[in-house]
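To start, the structure under review is shown below, and the notes come after it.
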Number of protein chains: 2
Amino acid sequence: MPKVDKAYLEQRRAQILKSAKACFAKNGFHKTTMRDIMKKSNLSSGALYRYFKSKEDIIEAIALQTLEANIATIDDAKRKGNARSQIETLADRFFSLLEKPEEKFTSVDVELWGEASRNKKVKNILVKSIGAHHAEFVKIILQAQANGEIRRNVDPESMASVMIALFQGAIVQMRVGGNLDLWKYVACVKEMLATLLINEEEVNA
Amino acid sequence: MPKVDKAYLEQRRAQILKSAKACFAKNGFHKTTMRDIMKKSNLSSGALYRYFKSKEDIIEAIALQTLEANIATIDDAKRKGNARSQIETLADRFFSLLEKPEEKFTSVDVELWGEASRNKKVKNILVKSIGAHHAEFVKIILQAQANGEIRRNVDPESMASVMIALFQGAIVQMRVGGNLDLWKYVACVKEMLATLLINEEEVNA
DNA sequence: TAATAAAGAACGGGCGTTCGTTTTAGGGAG
DNA sequence: CTCCCTAAAACGAACGCCCGTTCTTTATTA
C-alpha cells in the first residue's frame, strides 16, 4: 500500500504504541521483546522499524504520550469552580485512572520512573510532567489562599508536592503493595485536604 | 583460600551485594551486567556464581535486605513515646534515608517496584514490606484513637496507606521529579498529620 | 595432599536491528 | 477504462553482538 495518506500513517503509529504499551504494562520494558510488540500489533520488524527507529524510541514516545494525556487532564479540569472543587475534580480524574489496572496503564508509570534514572529523555519528560502538575496545584493553592479558601500558613510548594505524592503512592500501593482500598483511600485524602481549608473560626480570627 | 570460616563467606556475600546495589542504583537492574558487578566487586564470574546462583538471585537478596532494614527501623522506633512521637520518629527515620541519594539506595526501591510486576518473589517481599509498615501504622493509630490522641472518625487502614504514600511519593519526586525540597515537604506532612490530632475543643465535645 | 576458592576463557542463546525481497496501490500513457 | 510502472510499505530471514552462565584450570591453605 504505497502513498497512503497521513492519517493512515498516524493510525499505524498509534496502533504500535498501543500494542507496546500493553506489552510493557504486562512485562515491563526490558522483558518485552521487539518480537512481542510485533506479534501484538500484527506487524513485521520491517514495518515496526519504519515507524520507530529503536526500542528506546518507542519508550520515549510512550512517556511523551503519558505527559500529554496528563496535561490534557489538567487543562480540562482547570476551568471549573473554586479551588476546592478544582482539586477534587483533579483527584477524581487521576484516581479513577487506577480503577481498572489492566485497561488504564498506570503500571507503565512505574516502569517510566525506573527508566528515568538511565534515560535522560525519559527523565526530562517526567520532570516536565510532574512539574506541570506541581505548577498547576501551586497556582490553585495560591489563588485559594488569596480568596481565603485555604489557610495562609501552608506552603503552596510543599502542599502541591504532597498532593502529587498521594497519587504516586497510590500507584505504588495498587501495583505492588497488595490490597489498597482505593476509594476509602481517596475519601481519607479528601478529608485530610478538607481540614486544611479555613474553617469559620479562623476566618474571624 | 580453601576452608575459610563462615564469617569470611558472609562478608564476601555482603561485599557482592553492596557492589551490586551500587550498580543497580546507578543503572538499574537491566542495564547493569554481571560483568559490571564483577568489576565493581573485584571478583571473577566464578567467584560471583559461587555466592549467587543467578542475577535474579542477587536482586531477590537485595529486596530481602531492604525488607529487613525497614522492619528493623520500625522495631527500633516502636518502643518510644506516644503515638504522635512514634509517628514523627518513623517519619524522620525514613525521610532521612532520602537525604543523600547516592549513599542510601532508595533508587533501588523504584527499581524493585518495577521488578515486582514480573518477579513473584520480589513482589511477595515488597508486599510483606509494605504490609509490615501498614500494620504498624494501623496499630499506632488504633492505640492513639483509644487514648484520645487521634480523631475517631479517621479510618486507620486508609490513614496508614496515606502515610506510606507520602513516603513513596517523596521517593519518586526525589528520584525523577526534579527538585523536591525534602525538609519543607516533611514539615508540611507533619503539619497535615497534626491537624488530624484531636484538639482541645474536640476533646471536650 | 586434598579440598576449597577464585579465576577467566569460552559458549550458547536471545535480542535488537538490518536488509534484500515481495506486495501493494496510485498515476500517467494508450 | 486498462495496463503498466514506480515508489512506498511490509515482510521476515538473517546477522552480529552482548549477556548470563558454565566449566576447565590455577592458586591457596588446612
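Below, read A as the first sequence line, B as the second, and so on, with proteins coming before strands; counting in each chain starts at 1.
For the pair B:Tyr51 OH and C:dA5 C1', the computed distance is 7 Å after rounding to whole Å. Taking atom NZ on A:Lys31 and atom P on C:dG16, their separation rounds to 13 Å, with Å as the unit. Taking atom CZ of A:Arg50 as the reference point, atom P of C:dT24 lies 15 Å away to the nearest angstrom. In this structure, the NZ atom of B:Lys53 is 14 Å from the C1' atom of D:dG20, given to the nearest Å. With rounding to whole Å, B:Ile58 atom CD1 is found 12 Å from D:dT21 atom C1'. If you measure from atom CG of B:Leu48 to atom P of C:dA5, you get 15 Å, rounded to the nearest angstrom. What separates CG of A:Asp36 from P of C:dC15 is a distance of 8 Å, to the nearest Å. Atom CD1 in B:Ile37 sits roughly 12 Å away from atom P in D:dC19 (whole-Å rounding).
Closest contact between the side chain of A:Lys55 and the listed nucleotides C:dT17, D:dC19, D:dA10 involves C:dT17. Nearest to the side-chain atoms of B:Leu43 among the listed nucleotides D:dG20, D:dA9, C:dA7 stands C:dA7. With D:dT21, C:dA6, D:dA10 as the candidates, the nucleotide lying closest to the side chain of B:Ser54 is D:dT21. You'll find that the side chain of B:Leu9 is closest to C:dA5, out of C:dA5, D:dA9, D:dG20.
A sub-4.0 Å separation between OP1 or OP2 of D:dC11 and a side-chain N or O of A:Tyr49 is absent. Taking 4.0 angstrom as the limit, A:Tyr8 places a side-chain polar atom (N or O) nearer than this to OP1 or OP2 of D:dA10.
Under the salt bridge (charged side-chain N to carboxylate O under 4.0 Å, His left out) criterion, A:Lys190 pairs with A:Asp92, sequence neighbours left out.
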Query - Under 4.0 Å protein heavy-atom contacts per nucleotide of nucleotides 12-17 of chain D, with B for base, S for backbone only and - for none - result: BBB---

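At least one donor-acceptor pair under 3.5 Å links the side chain of B:Glu111 to the backbone N or O of B:Phe29.
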Requested in this report: Using the side chain to side chain contact (heavy atoms under 4.5 Å, CB included) rule, take B:Lys123 and B:Arg118 through it: C-alpha gap first, then chi angles, then the decisive distance, then the call.
Outcome: CA-CA 8 Å; B:Lys123 165 138 188 175; B:Arg118 64 198 92 103; over 6 Å; no

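The residues B:Lys31 and B:Asp36 are annotated as not salt-bridged, no charged nitrogen and carboxylate oxygen being separated by less than 4.0 angstrom.
Counting non-hydrogen atoms under 4.0 angstrom, B:Phe52 reaches nothing in the nucleic acid.
Ring geometry for B:Trp113 versus A:Trp113: interplanar angle over 60°, hence perpendicular rather than tilted (30 to 60°).
Side-chain contact check for A:Gln168 and A:Asp109: no donor-acceptor pair (N or O, by modelled atom type) lies under 3.5 Å.
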Quick one: side chains of residues 129-137 of chain B, donor-acceptor pairs under 3.5 Å with protein atoms, not counting sequence neighbours, listed by atom name and distance.
residue  : atom : partner  : partner atom : Å
B:Ser129 : OG   : B:Asn70  : ND2          : 3.3
B:His133 : ND1  : B:Ser129 : O            : 2.9
B:His134 : NE2  : B:Glu157 : O            : 2.9
B:His134 : NE2  : B:Ser161 : OG           : 3.2

